Structure formats: structure tokens, C-alpha cells
Amino acid sequence: MTHVLVFFDSVNAALTGAQQELLTHADALGEVSVVTGSAAEAVTAPLSLEPVENVYTGETAITAPDPALADLLETAVKEVSADIVLGAHTPDTVDALARLAVRLDTGLVTAANGVTSTGVATKSVLAGSYFTTAQITEDAPLVATLRPNTAERMTTPGAAPEVTVLPVSASGSLEVLEETELPKSGRPPLAEARVVVAAGRGVEGDLSLVEELADELGAAIGASRAATDAGWIDHSAQVGQTGVVVSPQLYISVGISGAIQQKAGMQTSGTIVAINKDEDAPVFEIADFGVVGDLNEVLPQMIEEIRRRKA
């Protein structure tokens, strides 16, 4: 039996979509345990899901990027004799798993699309142009981060897992001075969204139609670098080589030319729809469906049709 250890740097009242997907991946591989930096009393309810049998925490809550997370992970790996360690592809998780890989003298595969029970990881490279596989050749666990939108989300309720507190505490090298809750937009996080509507220079600063379309589709809003540099939307919404890399099931590009830097951030999307008044825009080269037209005429028609079909 393959023993899979899933790492969540923190657990809130409800698991994120990426965390649910990790459990789906792990469930297909073998016996599932979870290790998290959250306090023991906070994890039972959100982790009462079908594949989770055991949960491991520290004696105190350990907040990323505290290096004590690597101590917690190393202790948990030994506790369950883990063959595979999985985490979400986020900066804090990559940092913790990289430290773990050094401790275990093993390799780390980042942004994988999937992992097999024999420890083979598959990932897309060069903006989705090629797929590669990687496997640990030494007798050590495979440590990997998985991209979002690569599996269904595990939501099947299960029995409360057994929670074990490991003899690891926060290092004290990190002090949280203040916590501020992010404003809630009602939209999914950009990196995890299954539908993304992205705005570019062509919207000329008016994102109202883009926001209206996104809300009808339950989508996240992304943007090109030109749109974020112009101050029309926060830089956290930038999709591209120097921004967020997304891989939704549906990506709608609105008024974006599709330069190579932008393509690198969304080229692996399932279905790409491009709307641009320039028929020679590079984005049409990778689009599955293209609409040549003024977005101010096209988007209202799309929104109206979506609402009609919903009704």
C-alpha cells in the first residue's frame, strides 16, 4: 500500500478548491494522511472527508513561512513512512517542501499535473508545449506540488480523522504582528478558478462588462500586464509569465493581444475564447474560439445569452 502524506500549510473552516483537489489525487494513490501547520483543535471538522484517515499537527500552530514547518513535515514523513508527499503549488508550500526535500535527500517536482502510485510525476513545460515525466531514482519519497484544476474536488463527508499531535512547535523566528482579512469579492481565487475572464488594454480602463460577465459565469477576473500597469486592476490579477499562471477549464480573453509573456500564463487552459477587434492579434493563434469584434458589442450579447439560458 502506498502511503501518501498531504501537506496543508493551514486549514480554515472550509478547504480551498486546491486542497480538495489534492485529496482527490491522494485518494487515487493509496492511504491518505494529512499534516498541517494549523492547531489541532481547528482541523477535525474541515478534514472529516472520506479519504482522510489521520491528521498530524504540531504542539502549537506553525505559520508559514516558519522553518519549523520543515521539522513538522520531516517528523510526519517518518511517522507514516510516507512514499509520496503532496502539496499545493503555492509559494509557502513550495518553500516548506523544498526544505523537506533537502532534509530527505530527495527530489522536488513543482507544478506537476499528476502523480502515479509508483512515484512518477507528470508536468507540462514551456507554456504547455511539452509534457515531461520525473521519477525519484533513490529509495526516498517523491515530494511534489500539484497545479490546481487537475482533478475533481473531494467533498465526500467521512468520519472524523484521528488527530495526532507531533512534538514540534513554532520556531519563534517568525512573529505575526497583525492579521488582516482580505476583502471578499464573491469570486473564486484566480489561481484556482475553473473559469477566468481576463481583461487587457482593449477595455480602455472600463472593466464593468468584464466583471458582469465574470459574475454570470462564477469566474475569477484576470488581466494582462498592460491593464495592471495602467492601474485599472490590482497587480495580483496579472496573468502571465511574471504574474499568475492559470489553467482553468475555460479562459475568456477580452481585449488582450496575446503576447508571448501572457500566453505563458494561460496557454494550458482547457478551452480558450478570444475576443479582439484586431483579427491579426497573436491570441487567435492559440484560441479554440475567436470573435473578431468590439468587446462593447460582443460582451453584452454574451451576457444576455447566458442569462437567457440560465432562465
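Not measured: the values here are computed from a predicted model.
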Supply the atom-to-atom distance [X] [atom1] to [Y] [atom2], rounded to the nearest 0.5 angstrom.
| X | Y | atom1 | atom2 | answer |
| --- | --- | --- | --- | --- |
| Thr36 | Phe7 | OG1 | CZ | 7.0 Å |
| Gln262 | Ser257 | CD | OG | 8.0 Å |
| Leu72 | Tyr56 | CG | OH | 11.5 Å |
| Glu21 | Arg153 | CD | CZ | 5.0 Å |
| Ser269 | Lys263 | OG | NZ | 13.0 Å |
| Glu53 | Leu47 | CD | CG | 13.0 Å |

Exercise for review: Could you go through the side-chain contact (heavy atoms from CB on, under 4.5 Å) check for Val115 and His25 one step at a time?
Suggested key: CA-CA 8 Å; Val115 173; His25 280 288; over 6 Å; no
Using every non-hydrogen atom in the two residues, find where [X] and [Y] come nearest and quote the distance to one decimal.
| X | Y | value |
| --- | --- | --- |
| Pro46 | Val11 | CG-CG1, 3.4 Å |
| Ala160 | Thr44 | CB-CG2, 3.9 Å |
| Val120 | Leu142 | N-CD2, 4.4 Å |
| Pro51 | Asp27 | CB-OD1, 3.5 Å |
| Ala191 | Val246 | CA-CG1, 4.4 Å |
| Val43 | Val55 | CG2-CG1, 3.9 Å |

Identify whether [X] and [Y] are in the same connected component of the hydrophobic contact network (ILVMFWY, side-chain heavy atoms under 4.5 Å).
| X | Y | value |
| --- | --- | --- |
| Val210 | Ile275 | yes |
| Val196 | Ile286 | yes |
| Leu5 | Leu69 | yes |
| Leu207 | Ile306 | yes |
| Met302 | Leu209 | yes |

Check your understanding: Is the number of heavy atoms from other residues, nucleotides or ligands under 6.0 Å of Arg187 CZ greater than 12?
Key -> yes
Exercise for review: Tell me, yes or no, whether the heavy-atom count around Glu162 atom CD, taken from other residues, nucleotides or ligands under 6.0 Å, exceeds 12.
Suggested key: no
Does either side chain, that of [X] or that of [Y], offer a donor lying less than 3.5 Å from an acceptor on the other one?
| X | Y | value |
| --- | --- | --- |
| Asp92 | Thr90 | no |
| His3 | Ser33 | no |
| Asp66 | Ser171 | yes |
| Asp278 | Asn276 | no |

[X] side chain vs [Y] backbone, donor-acceptor pair below 3.5 Å:
| X | Y | result |
| --- | --- | --- |
| Glu192 | Gly17 | yes |
| Lys310 | Glu216 | yes |
| Gln238 | His235 | no |
| Ser169 | Glu59 | no |
| Thr24 | Glu152 | yes |
| Thr106 | Pro141 | yes |
| Thr145 | Ala111 | yes |

Find out whether [X] and [Y] are in side-chain contact, i.e. whether some heavy atom of one side chain is under 4.5 Å from a heavy atom of the other.
| X | Y | value |
| --- | --- | --- |
| Arg147 | Thr268 | yes |
| Asp71 | Arg103 | yes |
| Pro65 | Leu174 | yes |
| Asp83 | Met1 | no |
| Pro188 | Arg194 | no |
| Glu74 | Leu100 | yes |
| Val94 | His89 | yes |
| Val143 | Leu73 | no |

Exercise for review: Decide side-chain contact (heavy atoms from CB on, under 4.5 Å) for Ser124 and Asn113; before the verdict, give the C-alpha distance in whole Å, the side-chain angles of both, and the deciding distance to 0.1 Å.
Suggested key: CA-CA 7 Å; Ser124 59; Asn113 292 68; 3.8 Å; yes
Exercise for review: For the pair Glu304 and Arg307, find out whether any cationic side-chain nitrogen is under 4.0 Å from an anionic carboxylate oxygen.
Suggested key: no
**Study point:** CA sep, side-chain torsions, deciding dist, call: Val35, Glu79, side-chain contact (heavy atoms from CB on, under 4.5 Å)
**Key:** CA-CA 11 Å; Val35 57; Glu79 184 76 16; over 6 Å; no
Review point. Hey, mind stepping through Leu23 and Val34 against side-chain contact (heavy atoms from CB on, under 4.5 Å) and telling me if it holds?
Key: CA-CA 9 Å; Leu23 293 181; Val34 172; 4.1 Å; yes
